[in-house]
Amino acid sequence: MRVSQKIHIDREPADVFKLIGDLPQHPEFLVGTVWKPVSNQTHGVGARYRVLMKIGSVQVGGIVEVVRWEDDALIEWSAVQGVHQTIRWLLSPTDDGGTELQIEVDYDIGGGFIGGLVERIAARTIARNLWASLMAARRLVEQDV
Amino acid sequence: MEDTSIPVRTLRGKASEPIAPDESEARVHGAMADLDARDPEYIRNMLPLMWLLTTVYFRAEVRGMERIPEDGPVLFVANHSGGNMTPDSIVFTLAFNSYFGVERPLYSLAHALVTAWPGIGAMAKKWGIITAGHAASKAAFERDACVLVYPGGDVEVHRPFTARHEIRFDGRKGFLRLAREAGVPIVPVVADGGHDTYLPLTDGRAIARALKLDKLARLKVLPVSLALPWGLNIGDFLGHLPLPAKIRMEVLDPIDVGAKFGDDYDEAYRHVTGKMEETLTALSAERVLPPFL
């Protein structure tokens, strides 16, 4: 299952990446999400974080590790424990000098038909949280410059 | 009850022989505690069904998971309610596996009759349910696994409805000795709401004593309740259909028994049960009538 949201920000990708690439500061704009480092390394490929989102009755997630890092363009995470998931931040320059900031979450919770049903139910909460996070990120970036 | 039957140091990361529980429980066929029977992939595939059950049916709320140490062995000490269908176990097992992932092993201690029950016992073992005993628990700690224990056992889970707001460990302090000897922190877990899933009338302790059920099957109670679909339900041996009561659960701060109380288990018992009673009172205060809200 994939949930994706994107937003336009009136700043260059380098300005947006100052926020997105500052991983320990993500709790400032991630909505409905627990985000905390679990490795001494907090930036770049290899950094590990515990990520959890309240879905229904419980917090669901696990530990993710940065597997791709391209300045001003991309950060990709892959699960090392817990829910099988990949998280991607994508930054693209727009014609008006701004940035299209996109977040993608791919996840697979197993469980066959019922698992697929639960993935769809969870997608609504995840999509709302991601959209609120993007709006919070935009506010922080546009206020900061 | 000594853990003389197992070479603990050989267990870490390796297949191991099933562990004999306490001598009295070993009489029940199939009650050996097999740590290798836990099946993480099975658990992963069953979590979505449990999520539906706890979220839609029991509308569970779980708080304080962040208080659990990030790694290493932990002894979870919990209260439980709801007779043999105790929803508290389902909610905590889901919460733990969803939070930390199925890769972090959690073993739940249960009565020998659960692990020996045909069909149910095999399924329970895949979930990591093992027959209660210090030897098996210490072996699990040696693997850096967490263990969940309900000290109140059948006495607590079948207590009458009028005692639903009580932590009823029945004076059992073995969990404190286990934690201290193993050097493992205790993390109390408090649940409220399980006793609203049916109507337990009496725990039938006097009847159980008269029938010598303790010596025959380590049963200290013979509960009588009103429950679906049976109506009058004696023993609850086949379980029942729980009503959709709301379950509230809170995880408390870790307690280092050895550092805080030494070998004063009476004081440690008063502290742990007191903290849990305070939390249970606060959780139950959130409940409004009717009890399903």
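These values consider heavy atoms only, across backbone and side chains, with no hydrogens, waters or symmetry-generated copies. Letters A, B, ... mirror the listed sequences (proteins, then strands); counts begin at 1.
- Remark: the backbone N or O of Val58(A) is not paired with any side-chain donor or acceptor of Trp51(B) at under 3.5 angstrom.
- When each of Val62(B), Val56(B), Leu94(B), Val91(B) is checked for a side chain to side chain contact (heavy atoms under 4.5 Å, CB included) with Ser57(A), only Leu94(B) meets the rule.
- For chain B, no part of Ile63(A) is nearby; none of its heavy atoms comes within less than 4.5 Å.
- Residues Pro48(B) and Gly115(A) come closest through the heavy atom pair CB-CA, 3.7 Å.
- To the nearest 0.5 Å, atoms CZ (Arg104(B)) and CD (Gln81(A)) are separated by 8.0 Å.
- The neighbour count for Asp22(A) CG, taken as heavy atoms of other residues, nucleotides or ligands under 6.0 Å away, is above 12.
- Among the candidates Ala60(B), Gly101(B), Ala95(B), the residue making the largest number of heavy-atom pairs closer than 4.5 Å to chain A is Ala60(B).
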request  = Could you give me the CA-CA distance, side-chain angles and deciding distance for Ile121(A) and Thr55(B), then say whether side chain to side chain contact (heavy atoms under 4.5 Å, CB included) is met?
outcome  = CA-CA 11 Å; Ile121(A) 295 171; Thr55(B) 299; over 6 Å; no

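- Enclosure of atom NZ in Lys36(A) by more than 12 non-hydrogen atoms of other residues, nucleotides or ligands within 6.0 angstrom is indicated.
- Considering all non-hydrogen atoms of both residues, Val38(A) and Glu70(B) come closest at CG1-OE1, 4.2 Å.
- Per-residue heavy-atom pair counts under 4.5 Å with chain B were compared for Gly111(A), Ala79(A), Gly62(A), and the maximum is reached by Gly111(A).
- We find the CD1-CE distance between Ile114(A) and Met50(B) to be 12.5 Å, quoted to the nearest 0.5 Å.
- Looking only at distances, a side-chain donor or acceptor of Arg44(B) sits under 3.5 Å from a matching main-chain atom of Gly82(A).
- In this structure, Lys275(B) places its NZ atom where only 12 or fewer heavy-atom neighbours from other residues, nucleotides or ligands lie under 6.0 Å away.
- Under a cut-off of 6.0 angstrom, the local environment of CD in Glu12(A) is sparse, with at most 12 non-hydrogen atoms contributed by other residues, nucleotides or ligands.
- The nearest pair of heavy atoms linking Arg50(A) to Tyr99(B) is NH1-O, 3.1 Å.
- For Leu47(B), no part lies near chain A; criterion is any non-hydrogen pair under 4.5 Å.
- Other residues, nucleotides and ligands contribute over 12 non-hydrogen atoms within 6.0 Å of the CG atom of Asp96(A).
- Summarising the geometry, atom CD belonging to Gln59(A) is positioned 13.5 Å from atom CZ belonging to Phe96(B); distances are rounded to the nearest 0.5 Å.
- Of the inter-residue distances, the one linking Ile109(A) atom CD1 with Asn45(B) atom CG reads 9.5 Å to the nearest 0.5 angstrom.
- Annotation for Arg124(A): atom CZ does not count as buried by contact number, only 12 or fewer foreign heavy atoms lying within 6.0 Å.
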